[in-house]
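Remarks on the structure that follows.
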Amino acid sequence: MLHYKIDILDALKKSGFTTYKIRKDKIIGEAQMQKIRIGEIASKETLNTLCRLLDCQPGDILEYIPDNPLNPADSDAQAL
């Protein structure tokens, strides 16, 4: 499962992008902003915009955590 490693709204604010400015300048749509607020992963286009605004890579803001960690004794899993 993907989730945000950082507080996106706080990072945007520190970079000079308040939610008001983002809405006013139509940088990110309200539906995508709502997804960010509740911790859902935004669209690929919005992630591109976030990376541009924050001058970062996707891995700087997103983290993958497996829902069910693989059993280390599972030889098929080790082959991957």
Side-chain angles (χ1 to χ4, degrees):
M1 173 169 70
L2 285 175
H3 77 88
Y4 295 110
K5 290 170 37 174
I6 63 171
D7 182 332
I8 299 295
L9 297 178
D10 186 54
L12 286 168
K13 188 175 181 180
K14 288 178 182 176
S15 294
F17 295 97
T18 63
T19 54
Y20 173 77
K21 178 177 176 55
I22 290 169
R23 272 195 318 269
K24 180 178 157 278
D25 295 345
K26 298 180 181 178
I27 297 171
I28 298 173
E30 187 56 39
Q32 292 299 307
M33 288 299 292
Q34 184 59 26
K35 281 187 169 192
I36 293 168
R37 279 187 195 97
I38 62 174
E40 289 183 16
I41 302 303
S43 71
K44 183 177 81 171
E45 292 79 15
T46 299
L47 291 173
N48 286 336
T49 300
L50 290 172
C51 288
R52 181 175 47 83
L53 297 176
L54 298 174
D55 189 28
C56 67
Q57 294 294 314
D60 296 331
I61 59 175
L62 294 175
E63 178 178 36
Y64 173 75
I65 298 176
D67 291 332
N68 297 314
L70 297 173
N71 181 350
D74 184 353
S75 60
D76 290 337
Q78 292 175 356
L80 296 175

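Everything numeric in this text was worked out from a predicted model, so none of it was measured. Hydrogens, waters and symmetry mates play no part in the numbers below; they use all other heavy atoms, side chains included. Just so you know, residue 1 is the first one in the sequence shown, and it goes up from there.
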Legend entry - Distance-minimising heavy-atom pair for Ala11 and Ile6: CB-CD1, 3.9 Å
Legend entry - Reported CD1-to-CD distance for the pair Ile22 and Glu30, which is rounded to 0.5 angstrom: 10.0 Å
Inset, instruction - Scan residues 54-63 for pairs that pass side chain to side chain donor-acceptor pair (under 3.5 Å), counting only residues two or more places apart or in two chains. - result: His3-Glu63
Legend entry - Nearest atoms (heavy-atom pairs only) where Pro58 meets Cys51: N-SG, 3.5 Å
Legend entry - Pairwise side-chain contact, Met33 with Thr46, heavy-atom cut-off 4.5 Å (strictly under): no
Legend entry - Same apolar cluster (I L V M F W Y, side chains within < 4.5 Å links), Tyr64/Ile8: yes
Inset, instruction - Indicate, with yes or no, if Leu47 and Ile65 share a hydrophobic cluster defined by side-chain heavy-atom contacts under 4.5 Å among Ile, Leu, Val, Met, Phe, Trp and Tyr. - result: no
Inset, instruction - State the CD1-CG distance between Ile41 and Leu62, to the nearest 0.5 angstrom. - result: 5.0 Å
Inset, instruction - Report the distance from atom NZ of Lys14 to atom CG of Asp7, rounding to the nearest 0.5 Å. - result: 8.0 Å
Legend entry - Straight-line distance of Phe17 CZ to Asp25 CG, nearest 0.5 Å: 8.5 Å
Inset, instruction - Kindly compute the distance separating OG (Ser15) from CG (Leu50), expressed to the nearest 0.5 Å. - result: 10.5 Å
Inset, instruction - Answer yes or no: is there a side-chain heavy-atom contact under 4.5 Å between Thr19 and Leu12? - result: no
Legend entry - Lys13 backbone acceptor or donor facing Lys21 side chain under 3.5 Å: no
Inset, instruction - Could you grab the distance from atom CD1 of Ile27 to atom OG1 of Thr49, nearest 0.5 Å is fine? - result: 8.5 Å
